[in-house]
Q: 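Below is a structure I'd like to ask you about.
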Amino acid sequence: MQSNERFSGRSKQYVKYRPSYPPQVISHLMNTVGWTEQMRVADIGAGTGIFTKLLLDEGVNVIAVEPNEEMRQALNEQLHVYVSDQKVHANMLLVTAGSAESTELEDQSVDGIVCAQSFHWFDQKRARTEFIRVLKPQANVVLLWNQRDVDASEFVRDYESLFLRYGEQYDQVKHKQMSVKALSSFYDSEPQLVSYYNEQPLTYEQLVGRIQSSSFSISEHDVRYDAFMNDIEALFKRHEQGGVVKMIYRTDVYWGRMR
């Protein structure tokens, strides 16, 4: 399956059940990385617009680049107000069907690039060439992930084990291998890294939705599906407190210049 097809059929779950990012991330981009209001930033692999919205709320002009048609439609539905009501939102949102490897943007047309929960799907060599082409000189590229913190709780450890048993190609995901050293060749030097605590309380329904939003989650057509659902229910019952479990993340933010 092509990377831009992996989330087809999952956009509704993605909108409802995926976590957002801690407010410190936006503060870091504005106060430390040096992004400002009215900058033009490309959100590459924007998905349903979770991070796009955070940038727009800060006053940043965003070009959301998303190759998956279903996800792009969900983004437009979620963020249509930023396009239609400029009296309320003075900043601009543009949405394109490009990809990291072929953004369809003009040369040196953006002041920064952000890839939230998406960079691990890219062809890094081709994406690097494309990023350098569309970035203005001295612009920063920001890569970030909500990483489940498997050392944070027994629930998160057991959740990880569940996906190692059932997840399709789960142990091959590239963002598990991301580090300052691994990303140095993409940036041409070691990027900066800052991490923030993030948590997501989940009811049983929300836990199931969160799992189904993942590209690794097996479908109801899989012969293992009933066993998978039974194990999810057992996982929830084993760890719930007050009707919820807490998914704990470490939000890793890498940033730096590419030239």
Q: Sort out for me which residue in Y187, Y254, F186 forms a ring pair (Phe, Tyr, Trp, His ring centres under 6.0 Å) with F119.
A: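 Single pass found, and it is F186.
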Q: Assess the pair Y249 and Y197: is the distance between their ring centroids shorter than 6.0 Å?
A: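 No: the rings miss the under 6.0 Å criterion.
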Q: I'd like to know if D231 and R165 make a salt bridge, using a cut-off of under 4.0 Å between side-chain N and carboxylate O.
A: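 Yes, charged N to carboxylate O under 4.0 Å.
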Q: Which value, rounded to the nearest 0.5 Å, describes the distance between L183 atom CG and S189 atom OG?
A: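 Here the interatomic distance stands at 11.0 Å.
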Q: Is it the case that T96 and E104 place a side-chain donor and acceptor less than 3.5 Å from each other?
A: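 Not at all, the side chains of T96 and E104 share no donor-acceptor pair under 3.5 Å.
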Q: Any luck finding a side-chain donor-acceptor pair between N61 and Y82 under 3.5 Å?
A: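 Side chains of N61 and Y82: no pair found under 3.5 Å.
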Q: Is a salt bridge present between R72 and E69, judged by a nitrogen-to-oxygen distance below 4.0 Å?
A: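 Judged by the 4.0 Å cut-off on N to carboxylate O distance, R72 and E69 do not form a salt bridge.
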Q: Quick one: do D188 and R257 make a salt bridge, cutoff under 4.0 Å?
A: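 Looking at R257 together with D188, the answer is no, because their closest N to O distance does not fall below 4.0 Å.
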Q: With no hydrogens and no angle check, do the side chains of Y166 and D222 hold a donor and an acceptor under 3.5 Å apart?
A: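 Not at all, the side chains of Y166 and D222 share no donor-acceptor pair under 3.5 Å.
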Q: Charged N to carboxylate O under 4.0 angstrom, E190 versus K181?
A: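 K181 and E190: not salt-bridged.
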Q: Show your reasoning for whether salt bridge (Lys or Arg N to Asp or Glu O under 4.0 Å) applies to R40 and D111.
A: CA-CA 5 Å; R40 194 181 197 212; D111 301 296; over 6 Å; no
Q: Would the distance check show the side chain of Q147 and the main-chain N or O of D252 forming a donor-acceptor pair, the cut-off being under 3.5 Å?
A: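 Not at all, since once roles are kept as given, no pair shorter than 3.5 Å links the two residues.
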